[in-house]
Peer 1: 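One structure follows; several queries about it will come next.
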Protein chains: 2
Amino acid sequence: MTLSEEDYIKAIYHLGKGDNTTVSTNSVAEMVETKPSSVTDMVKKLSDKGVVNYRPYKGVNLTEYGQKIALTLVRKHRLWEVFLVEKLGFSWDEVHEVAEQLEHIKSEKLIDQLDKHLGYPQVDPHGDPIPSKTGEFKKTIKKLLIDIPVGTSGICVGVKDSSPPFLKFLDKNKIALGDTILIVDKEEFDGSFNIQINKKNIHISNQIASNLYLKISE
Amino acid sequence: MTLSEEDYIKAIYHLGKGDNTTVSTNSVAEMVETKPSSVTDMVKKLSDKGVVNYRPYKGVNLTEYGQKIALTLVRKHRLWEVFLVEKLGFSWDEVHEVAEQLEHIKSEKLIDQLDKHLGYPQVDPHGDPIPSKTGEFKKTIKKLLIDIPVGTSGICVGVKDSSPPFLKFLDKNKIALGDTILIVDKEEFDGSFNIQINKKNIHISNQIASNLYLKISE
DNA sequence: ATAAATATTTAGACAAACCTAAAACATTTA
DNA sequence: TAAATGTTTTAGGTTTGTCTAAATATTTAT
């Protein structure tokens, strides 16, 4: 697969949600930042190669084979993201662009060894799951902390309230996007929570818990 | 710079030895595995961009600007080689192909952080020097162990005698290509050496020392 | 149901990087 | 020093991935 082909495959994969829905020419064009006519060309080529199912005017989705390729790309992308954050000290929001380039490197051994070097991580710094070598992975969902049962853990991926006081609170308590948070327990009386973050336990109010989004495995 | 352009720049750099000698169209063609006519095309383009000096029928070499680009590519290539060997357990001879891809990744931060992560290495697994961010590096030379003064260290890069008994000896003593060897001292009496390799001292005969090539910094 | 709006495809062109074959130049050899 | 040989360039063509403009299909709204 060429670099371009891989970009189209990834776009069709992501637009097709988890369920490989058929997607429109226009949406693909927007995602790969090109014109619809270019998408038509490419999609025909990918169809000839057995990577996508394409019906003119009706849309495209991935074949089994195409899905396998997409999952390999996603796996590579997310492993590199973990590497950049954990080993090279990149922050949460700097990794995408570089991972976008690294995911195209071709070497099975490289990815296997990288996976091992990183300790076989299950999720990337955005809380998204990393497919295994054979393409399996757990789906994840985004939930407010308040709706997550005690005992589960997730990755902090966003806030509902983005007012300065709230952000300042998070900063003071060293809660940052990308952090892993474990729900230790919930106080029935006032709806407050004990959570563990960076190996430290802290106590947060119901109010705070209602404004923090975590990503958890289903 | 595109991927192709970078490949040509590297070829012109390597063919020009250390001293940026003018090189022939044919030699570049051979190095980048293409036809001479393609080289002419590309070299004209690079000349327009101020990367090379080109005189038809006379050859090409790099401009100051071109040399800077070449050194950055060499730096990236060699840092990635160190990474592959030290962190991912690749062997000496597996790294080139992958590094050839990785060297094209564009991100200054990535290279800076990688350099730091690796502990600012001076040489790659083949004993070749890694240019600093500003393009400086020490020249290295290949010498028989027997000709190297006591106290210096180098990287094992080859053998003069490649007969099975000799290779078996190296294997038994865990001397492999890519290993760093320090010349601890030399016995005047029989011309034998004490060397340190992988933090262990071993004793080798004059005979052995005459057949091992090391790369050392000048 | 049909016209208008929108989405998609086709046709024809372009740039990058390559190729082959032929012409131009340079070097060697006789 | 002229012919032979080898190297380099030119001319013209190909492929990949892109584009614009025009044509066609589909969807939406009246």
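Chain letters run A, B, ... following the sequence lines, proteins first and then strands; every chain starts at 1.
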Peer 1: Side-chain N or O of A:Asn26 versus OP1/OP2 of C:dT8: is the shortest distance under 4.0 Å?
Peer 2: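 Checking A:Asn26 against C:dT8: at least one side-chain N or O falls below 4.0 Å of OP1 or OP2.
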Peer 1: Return no unless some side-chain N or O of A:Ser4 is found under 4.0 Å from OP1 or OP2 of D:dT16.
Peer 2: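 Answer no for this pair, as no side-chain N or O of A:Ser4 is under 4.0 Å from OP1 or OP2.
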Peer 1: Let's see if you can work this out: which of D:dC19, D:dT10, C:dA26 has an atom nearest to the side-chain heavy atoms of B:Lys58?
Peer 2: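 Of D:dC19, D:dT10, C:dA26, C:dA26 is nearest to the side chain of B:Lys58.
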Peer 1: Base, sugar-phosphate, or nothing: which does B:Ser38 touch, judged by heavy atoms less than 4.0 Å apart?
Peer 2: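 Base, at least one base atom sits under 4.0 Å.
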Peer 1: Consider the side chain of A:Thr40, meaning its heavy atoms from C-beta on, and name the nucleotide among C:dC19, D:dT20, C:dT10 that approaches it most closely.
Peer 2: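 Ranking C:dC19, D:dT20, C:dT10 by closest atom to the A:Thr40 side chain puts C:dT10 first.
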Peer 1: Is the phosphate of D:dT9, meaning OP1 or OP2, less than 4.0 Å from a side-chain N or O of B:Thr25?
Peer 2: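 For B:Thr25, the contact criterion (side-chain N or O under 4.0 Å from OP1 or OP2 of D:dT9) is met.
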Peer 1: When the ring centroid of A:His96 is compared with that of A:His77, is the distance short of 6.0 Å?
Peer 2: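 Ring centroids of A:His96 and A:His77 are less than 6.0 Å from each other.
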Peer 1: Mapping A:Tyr57 and B:Tyr54 onto DNA chain D by nearest heavy atom, which one lands closer to the 5' end?
Peer 2: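 Nearest nucleotide further toward 5': that of B:Tyr54.
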Peer 1: Tell me whether B:Lys109 is salt-bridged to A:Glu97, with the criterion being a basic N under 4.0 Å from an acidic carboxylate O.
Peer 2: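 Salt bridge between B:Lys109 and A:Glu97, a charged N being under 4.0 Å from a carboxylate O: no.
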Peer 1: By the 4.0 Å heavy-atom rule, please label A:Pro56 as base, sugar-phosphate, or nothing.
Peer 2: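 Answer is sugar-phosphate: A:Pro56 comes under 4.0 Å of backbone atoms only.
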Peer 1: Are the aromatic rings of A:Tyr8 and A:Tyr13 close, with centres under 6.0 Å apart?
Peer 2: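 No - the distance between ring centres of A:Tyr8 and A:Tyr13 does not fall below the 6.0 Å cut-off.
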Peer 1: Which nucleotide wins on minimum distance to the side chain of A:Ser37, given the candidates D:dT18, C:dA21, D:dA21?
Peer 2: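 Nearest to the side-chain atoms of A:Ser37, counting from C-beta on, is D:dA21.
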Peer 1: So if I take every side-chain heavy atom of A:Lys44 and compare against D:dT26, C:dT10, D:dT10, which nucleotide ends up nearest?
Peer 2: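 Closest of the options to the side chain of A:Lys44: C:dT10.
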Peer 1: Salt bridge between A:Glu103 and A:Arg75, side-chain N to carboxylate O under 4.0 Å?
Peer 2: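 Salt bridge between A:Glu103 and A:Arg75, a charged N being under 4.0 Å from a carboxylate O: no.
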Peer 1: Looking at B:Thr34, I'd like to know whether one of its side-chain N or O atoms comes within less than 4.0 Å of OP1 or OP2 on C:dC19.
Peer 2: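 Yes, because at least one side-chain N or O of B:Thr34 sits under 4.0 Å from OP1 or OP2 of C:dC19.
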